[in-house]
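Chain identifiers are assigned alphabetically (A, B, ...) following the order of the sequence lines, protein sequences preceding nucleic acid strands; residue numbering begins at 1 within each chain. Atom set for the values below is all heavy atoms of this structure, side chains included, hydrogens, waters and symmetry mates excluded.
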Amino acid sequence: MTWTQTIRSSAAASQRRGATPGIMLWRVGVFVAGIALWAVIAASGVVPAGLVPAPSSVVVTLAQQVVTVEYWQAVGLTVWGALIGLLAAAVVGIAVGVITGASTAAELSTRFLVDFGRAFPAVALIAVLVLILGRGLELKSTLVFVAVVFPILLQTQQGVRRVPSSVIETARAFRTPRALLVRKVMLPSATPSILTGLRLGASVGILVAIATEVLSGSPGIGNQITDAQMGANSALSFAYIVTAGFLGFAVNIGLEKLQSVLLRWRPAMGGEN
Amino acid sequence: MTLESTTEVALSASHVSKSFGVGADRVEVIEDLHLDIRTGDVTCLVGPSGVGKTTLLRLLGGLATPTSGTVSLGDKVITEPVEQVAVVFQDYRGSLLPWMKVAQNVAFPLEGRKVPKAERLRRAQDALEVVGLGDSADKYPWQLSGGMQQRVAIARALAYEAPIMLMDEPFGSLDAQTRFELEDLVLRLRNDLGITIVVVTHDIDEAVYLGDRVVVLGGRPSRIVDDVEVPLGRERNQLTSRATPTFIELRTRVLEEIQQHGLTQQVTGA
Amino acid sequence: MTLESTTEVALSASHVSKSFGVGADRVEVIEDLHLDIRTGDVTCLVGPSGVGKTTLLRLLGGLATPTSGTVSLGDKVITEPVEQVAVVFQDYRGSLLPWMKVAQNVAFPLEGRKVPKAERLRRAQDALEVVGLGDSADKYPWQLSGGMQQRVAIARALAYEAPIMLMDEPFGSLDAQTRFELEDLVLRLRNDLGITIVVVTHDIDEAVYLGDRVVVLGGRPSRIVDDVEVPLGRERNQLTSRATPTFIELRTRVLEEIQQHGLTQQVTGA
Amino acid sequence: MKLKTYGPVATILLQAWLPIALVVLWFVGSANSTSVFWPSLSTILQTVVDWAASGKLWGDLVFSFGNYFLALALAIVVGLGFGLVIGLLPRVGQVLSPYLDFFRTLPIVVFVPIVILVLGVGRGPKIFLIFLACVWPILLNCIEGVRAIAPSVFETARSYRIPLGLRIRRVVLPGAAPQIAIGIRLAVTIGLVMLVVSEMYGSTEGVGYFILQSGQRFQLAAAWGGTLLVGVIGWAFTAVYVLIEHRVLAWTREDADVTRTKAVKGDGK
Amino acid sequence: TNDSAAPDSNAEEELISVVVARGAVNLESAIIAQEQGFFEQEGLDVDLQVTGGGGGAATNSALIAGEFDIAATDAVTAIRAINENMPIVVVAGTKSAKPDYEGEVSDGLIVPPGSTITSWKDLEGKKVGVPELGGLPYLTVVTALEENGVPLDSVEIVPVPMDALVAAAQNGQVDAVFTFSIFMLSALDSGFTRVGTGVREFLPYAPQSLWVSTVEFAEKNPEALTRFRAALELGTEYGNENPDAVRKVYHENTELPAPFIDNVMILEPLDVNFNSKGWDVLLKGMQQTGEVRDDLTVEDIVWEGAR
Ligand SMILES: Nc1ncnc2c1ncn2[C@@H]1O[C@H](COP(=O)(O)OP(=O)(O)OP(=O)(O)O)[C@@H](O)[C@H]1O
Ligand SMILES: Nc1ncnc2c1ncn2[C@@H]1O[C@H](COP(=O)(O)OP(=O)(O)OP(=O)(O)O)[C@@H](O)[C@H]1O
Ligand SMILES: [Mg+2]
Ligand SMILES: [Mg+2]
């Protein structure tokens with residue numbers, strides 16, 4: 001098959017909803033290959049066993065963990081912290097993004113704060129922040145918020161800025177009121193960009209929640225990982241690491257579903273066929 | 001279809017100039033142009049490609065502000081789109097919102113006017129029927145052919161039910177038959193509802209057939225090179241009107257004027 | 001302008017069907033259509049809006065693959081665009097790359113063919129002159145009017161110098177004068193260079209004036225409802241040719257056929 | 001969308017009023033602070049001055065930003081490479097996307113030992129960590145950018161048989177550029193945050209090391225000073241980046257007198 | 001802080017919330033005291049939260065932020081915080097480096113199989129991995145090099161995360177590493193050689209893990225702290241006498257592998273009290289490396305009831 005044919009047929013494939021059996025098969029193939037590679041690395045001894053456990057032992061450990069209350073508590077605490085931060089960031093980020101996207105004056109006025117804030121390494125200040133916020137949910141969700149709000153804000157802002165001028169002109173010609181303009185024109189047009197921000201943010205949120213736990217000792221997945229590492233129990237720490245991966249996977253599945261609903265209107269790439 | 005109000009309105013451009021770009025890139029497109037659009041008339045704007053028809057229409061619609069001079073609606077100077085004006089864009093594809101289905105696209109401007117939902121959808125469906133797209137209400141714009149998209153844009157302006165309608169090459173992508181029917185629709189809008197209509201077109205037959213008046217633009221920067229009254233009466237017929245001597249005479253006149261400012265002119269001028 | 005090769009080519013569609021969507025959404029657009037494009041002819045495709053003209057053109061250009069049946073160039077079945085074909089799209093705006101200036105847009109396809117830069121630019125400039133845009137080479141597409149953009153798209157196809165040209169409503173946004181000149185350009189391409197040209201148009205006068213043959217599409221799913229040979233000879237003249245009885249007879253015939261499948265038909269059918 | 005533009009003076013004033021107001025507020029509000037947690041702004045700034053005076057600041061900057069720029073360049077190359085493949089071949093994307101989402105969410109911090117094993121104790125792991133954080137925004141935005149290119153553009157490229165290399169260079173990349181630009185803009189600052197985090201492990205120098213050590217040692221003024229410095233650098237980098245973006249994406253700025261502000265104001269009064 | 005009325009008849013109970021940094025293996029005495037009822041016996045109602053590690057600095061911050069009254073942390077971070085005028089004081093010890101202790105040493109300098117390094121002296125021109133710059137292991141290495149006459153600037157001391165130390169040596173990223181506990185013991189198992197002893201030799205009596213409280217709490221509740229120390233004392237004795245009780249604590253509160261705890265792990269002696277020599281060497285070490293100011297004294301660091 002030539003390149004263009006591939007593109008065309010894959011565009012046709014993506015027009016159909018969900019994964020086709022072929023895609024599923026490929027996915028399984030990649031999965032098996034990945035696990036096999038891992039097993040080989042673990043078995044070959046290239047990396048000390050203490051650092052990379054065999055996949056089998058991780059699976060066993062994970063299976064043992066999932067039946068414990070402790071595991072679900074840890075997962076729950078991490079997810080909760082990440083979720084609060086993420087939701088707050090989504091609300092603030094999208095709102096401020098729309099405002100600064102739609103108004104040059106607002107964007108210029110906040111530009112310094114946004115660019116400064118984006119680069120502000122809040123995680124590095126954990127020791128200081130604990131003094132102010134303690135080690136509870138506040139700390140976790142604050143740090144998640146700070147890390148996630150700016151990507152969402154920027155993705156929204158730039159998405160709004162790039163609404164095609166022909167579309168804006170149409171809205172103007174029909175004197176579309178501001179609220180309606182935002183709701184029915186700017187937001188839908190910026191949706192792909194915003195969703196990308198949310199997908200970035202979802203993973204970053206979980207990562208920051210875990211990092212906060214590792215660094216501050218507040219309970220959650222991160223803390224479990226530290227414990228496991230201090231106990232040189234790599235299978236256990238991998239079990240939790242894998243858990244984090246699954247969380248990201250799950251959140252993104254959700255966002256993808258959302259995306260397929262919100263972007264229903266888009267023709268498949270490469271032209272309809 | 002009824003209009004909420006058919007008040008006396010008249011668009012007028014006085015001493016309007018418009019340029020794009022700055023410095024060395026500055027292009028003067030329209031210079032010191034004066035034009036009164038009479039209430040209840042169909043005014044056709046014709047002129048060679050690139051002369052500034054779209055630019056003038058955007059000025060009249062308040063979508064662009066003149067570099068100098070003013071555009072006014074009645075006594076009110078316009079610097080913004082006004083409620084009384086509906087627009088059909090030349091770039092009809094770009095003006096349809098891709099995330100809305102056809103019916104939603106047509107109903108959308110009504111939402112801004114707080115028309116209740118049921119009423120909105122009814123009006124949208126009516127307008128779509130009129131342009132022959134009653135069965136495509138539930139499709140996305142990209143699922144339609146070029147001509148169908150263009151008709152959606154027309155339907156949207158119809159559903160808006162404004163007393164003034166500005167149309168930029170509204171029938172450019174339509175087949176002869178559909179075109180004839182929509183041309184007659186325009187005439188009915190004027191006759192039955194008293195709507196004031198400005199149509200940009202490159203089809204001179206169409207201009208003469210539709211217009212109470214044909215305004216010919218030409219030159220660079222452009223100005224009005226002719227302003228032709230069309231004394232064909234308000235009732236016109238695709239077959240008979242087009243065969244009258246007046247019609248033929250007028251179309252020849254306009255054609256000749258455009259030829260003076262057409263492509264060849266530009267090439268040699270370059 | 002010279003062609004690298006003017007080999008014998010002929011596009012043909014045999015038993016071609018095309019549908020969009022799946023399941024309940026499935027729309028049959030073209031059904032079991034058979035069409036041979038003769039080498040060196042100008043073939044015009046006409047038909048009501050939404051009938052499937054663009055779809056057929058895309059099939060002929062290898063841009064879409066038929067749901068069943070085949071399209072072939074000579075003996076070769078086409079499933080991809082081929083080198084011998086240049087296309088002017090109906091959506092000319094969308095087909096211009098907004099990040100390239102006009103001259104670059106026109107020269108771009110040549111870059112893919114490894115034509116040296118100087119040659120590319122020369123050919124682009126030539127093609128732009130031909131369509132009357134010699135002085136707009138250095139602008140971005142959005143700085144041009146609709147009709148100018150359309151001419152850029154035409155210039156791009158010209159500069160490509162392919163033996164077959166597929167044009168989808170190429171003159172839809174042009175004024176009468178420019179249109180006449182470009183129509184005559186098309187005829188010259190056929191006469192002087194032997195290029196095979198397929199033109200989709202909704203202007204029946206244009207179809208008869210340009211075509212050696214006018215193919216009328218109609219129905220849902222669409223099929224060929226008429227295939228009219230135009231015996232006007234290869235040399236035509238905007239004034240005299242259009243006045244011949246053959247011309248008038250043929251245009252009336254085609255017009256009537258389209259009217260049978262036009263808007264009203266669709267509305268009552270819905 | 002067409003933007004309202006302001007004159008150069010107004011632009012600067014608009015950008016400056018809020019930060020200046022905040023700094024003044026902070027300066028005045030914190031002037032008499034005796035709290036060890038909330039050092040006064042002058043104390044904080046003094047730590048940066050001391051840092052510079054000690055001669056270490058320069059070395060720290062060179063070390064950290066050497067890593068940073070390498071990692072950013074790497075992230076751009078890799079992000080665009082994979083982004084183009086996945087964007088152009090949606091099926092590849094469909095197969096890989098669950099795994100990408102999975103890997104994106106692995107807490108890399110805990111992989112540091114393995115990374116150190118593979119890449120050593122010097123710059124390697126730091127560059128890798130920064131790279132890993134920067135690559136995702138670029139990758140995801142590149143995919144999105146490619147998918148958002150109008151079908152008519154692809155159709156044109158196909159019909160004129162533009163070869164793959166040229167197509168990517170002149171059609172896909174420019175078409176996706178506006179969205180890619182967002183990704184890089186994000187990466188520019190995410191990289192800075194990660195630069196600091198990356199020096200949490202196995203470091204003996206660098207801006208991040210300075211901040212972290214100050215935090216660990218409860219030298220709060222210095223920790224604040226360092227983070228403020230990084231924040232300001234982030235702003236400065238973005239400003240430079242925006243200038244570059246402005247030039248590269250000149251074609252997206254349609255010059256017309258339609259302004260967004262007008263669009264927003266265009267409500268039915 | 002909560003001095004609500006006590007239900008107990010004997011003594012007036014005080015509720016103290018105490019945090020133990022879990023996983024740092026410094027929680028034995030408190031947990032035993034809790035389990036054995038020593039706190040109750042002293043009239044204290046202790047809310048013992050076993051929360052996360054996160055390093056001493058974060059624990060100190062959380063203490064200052066008022067999350068709890070007393071916390072377990074390590075000596076170096078406590079000294080650093082006090083050096084910066086953070087309002088905390090050291091109120092009791094858990095473990096110190098006991099030079100006179102007979103048992104096996106659980107920290108030290110180790111080298112991978114085949115290394116030519118046999119003692120501290122051989123480190124000249126080499127790379128040594130430590131878990132953190134400035135921590136106790138680092139101070140030990142610095143002191144050891146000094147005592148062995150190796151110029152400091154001839155050795156490159158690189159920080160490597162704890163769990164990567166041994167692997168880094170194995171891979172040749174560093175020539176030798178200073179490590180401890182399970183990391184050292186399992187390295188020795190896999191062929192590493194110990195070429196130098198640890199903190200017991202070079203920083204004798206240096207406090208390692210200990211308890212801190214806020215200055216304010218110590219000033220207001222000296223009585224409670226005294227009782228807390230007394231209960232810890234009891235827990236310490238009990239733990240030192242019943243190694244299995246200590247092992248049980250590890251089993252229940254750490255992720256260390258069970259066989260390691262039962263068979264391999266070295267149980268260091270617990271001690272609530274400090275030896276003032278220990279503070280001196282530690283402070284001196286930290287002052288020499290520029291970690292803390294020169295005029296910092298034990299009096300600034302340790303609550304008067306614990307000196
Ligand atoms: N944004 C712009 N920047 C620079 N020049 C512009 C811009 N918009 C239009 N022009 C120029 O103004 C002139 C008039 O354009 P306009 O679109 O009004 O023409 P038109 O009469 O509508 O032509 P057509 O019939 O081809 O649509 C053209 O020469 C065009 O190049
Ligand atoms: N991607 C698509 N998905 C679904 N339906 C489509 C799609 N593309 C085209 N159609 C349908 O196919 C039919 C023919 O479309 P086509 O664009 O070929 O018409 P056309 O003859 O070119 O019309 P026009 O003159 O208006 O351009 C239309 O009814 C249209 O709705
Ligand atoms: Mg125009
Ligand atoms: Mg079409």
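- In this structure, chain D has heavy atoms under 4.5 Å from both the backbone and the side chain of A/Val242.
- With respect to chain D, the highest number of heavy-atom pairs below 4.5 Å among A/Leu154, A/Thr110, A/Ile206 belongs to A/Leu154.
- Distance check, rounded to the nearest 0.5 Å: CH2 of A/Trp26 to CD of D/Gln94 gives 13.5 Å.
- Of all heavy-atom pairs spanning A/Ala119 and D/Val230, the tightest one is O-CG1, 3.4 Å.
- Residue D/Trp17 qualifies as open at atom CH2: its count of foreign heavy atoms under 6.0 Å is 12 or below.
- Per-residue heavy-atom pair counts under 4.5 Å with chain A were compared for D/Val196, D/Asn141, D/Leu192, and the maximum is reached by D/Asn141.
- Contact tally against chain D (heavy-atom pairs below 4.5 Å) for A/Ile132, A/Val123, A/Val28, A/Leu247: the top residue is A/Ile132.
- Contact detail for A/Ile210 and D/Pro107: the closest heavy-atom pair is CG2-CB, 3.9 Å.
- Proximity of a side-chain donor or acceptor of A/Arg199 to a complementary backbone N or O of D/Asp101 within less than 3.5 Å is not detected.
- Looking only at side-chain heavy atoms (C-beta outward), A/Ser193 and D/Gln179 come within less than 4.5 Å of each other.
- In terms of heavy-atom pairs under 4.5 angstrom with chain A, the leader among D/Ala157, D/Pro98, D/Ala239, D/Gly234 is D/Pro98.
- For D/Ser97, the part lying near chain A is the side chain, with the backbone staying farther off; criterion is any non-hydrogen pair under 4.5 Å.
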Practice task
Could you walk me through whether A/Phe120 and D/Val193 pass the side chain to side chain contact (heavy atoms under 4.5 Å, CB included) test, one step at a time?
Solution key: CA-CA 6 Å; A/Phe120 191 79; D/Val193 174; over 6 Å; no
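- Side chains of D/Glu144 and A/Gln155 form no contact here, defined as non-hydrogen atoms less than 4.5 Å apart.
- Heavy atoms closer than 4.5 Å to chain D are found nowhere in A/Leu195, neither backbone nor side chain.
- Checked by atom type and distance alone, the side chain of D/Tyr99 pairs as donor or acceptor with a backbone atom of A/Arg27 at under 3.5 Å.
- Residue contact with chain A, scored on non-hydrogen atoms closer than 4.5 Å, involves the backbone and the side chain of D/Trp136 alike.
- Heavy-atom pairs under 4.5 Å with chain D peak, among A/Ala244, A/Ser203, A/Ala250, A/Gly248, at A/Ser203.
- For D/Leu229, no part lies near chain A; criterion is any non-hydrogen pair under 4.5 Å.
- Between D/Ile182 atom CD1 and A/Gln158 atom CD the span is 5.0 Å, to the nearest 0.5 Å.
- With a 4.5 angstrom heavy-atom cutoff, D/Phe103 does not touch chain A via any of its atoms.
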Handout entry: Residues D/Leu140, A/Leu200; criterion side chain to side chain contact (heavy atoms under 4.5 Å, CB included); working and verdict
Key = CA-CA 8 Å; D/Leu140 292 195; A/Leu200 282 170; 3.8 Å; yes
Problem - Step-by-step side chain to side chain contact (heavy atoms under 4.5 Å, CB included) determination, D/Val188 to A/Asp115 - result: CA-CA 10 Å; D/Val188 164; A/Asp115 292 340; over 6 Å; no
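- We find the CG-CG distance between A/Leu113 and D/Leu22 to be 5.5 Å, quoted to the nearest 0.5 Å.
- Rounded to the nearest 0.5 Å, atoms CG (D/Leu220) and CG (A/Leu125) are 9.0 Å apart.
- Ranked by heavy-atom pairs shorter than 4.5 Å toward chain D, the options A/Ala147, A/Gly222, A/Pro121 are led by A/Pro121.
- Minimum heavy-atom separation, D/Leu186 to A/Pro151: CD2-CA, 3.4 Å.
- Residues D/Thr238 and A/Arg118 have side chains in contact (heavy-atom distance under 4.5 Å, counting atoms from C-beta outward).
- Interface summary for chain D: among A/Ile221, A/Thr196, A/Val251, A/Val114, the most heavy-atom pairs under 4.5 angstrom belong to A/Thr196.
- In summary, of the residues considered (A/Phe31, A/Phe246, A/Phe249), a ring-ring contact (aromatic ring centres under 6.0 Å, His included) with D/Phe102 occurs for A/Phe246 alone.
- When ring centroids are compared, A/Phe116 and D/Trp235 stay outside the 6.0 Å threshold.
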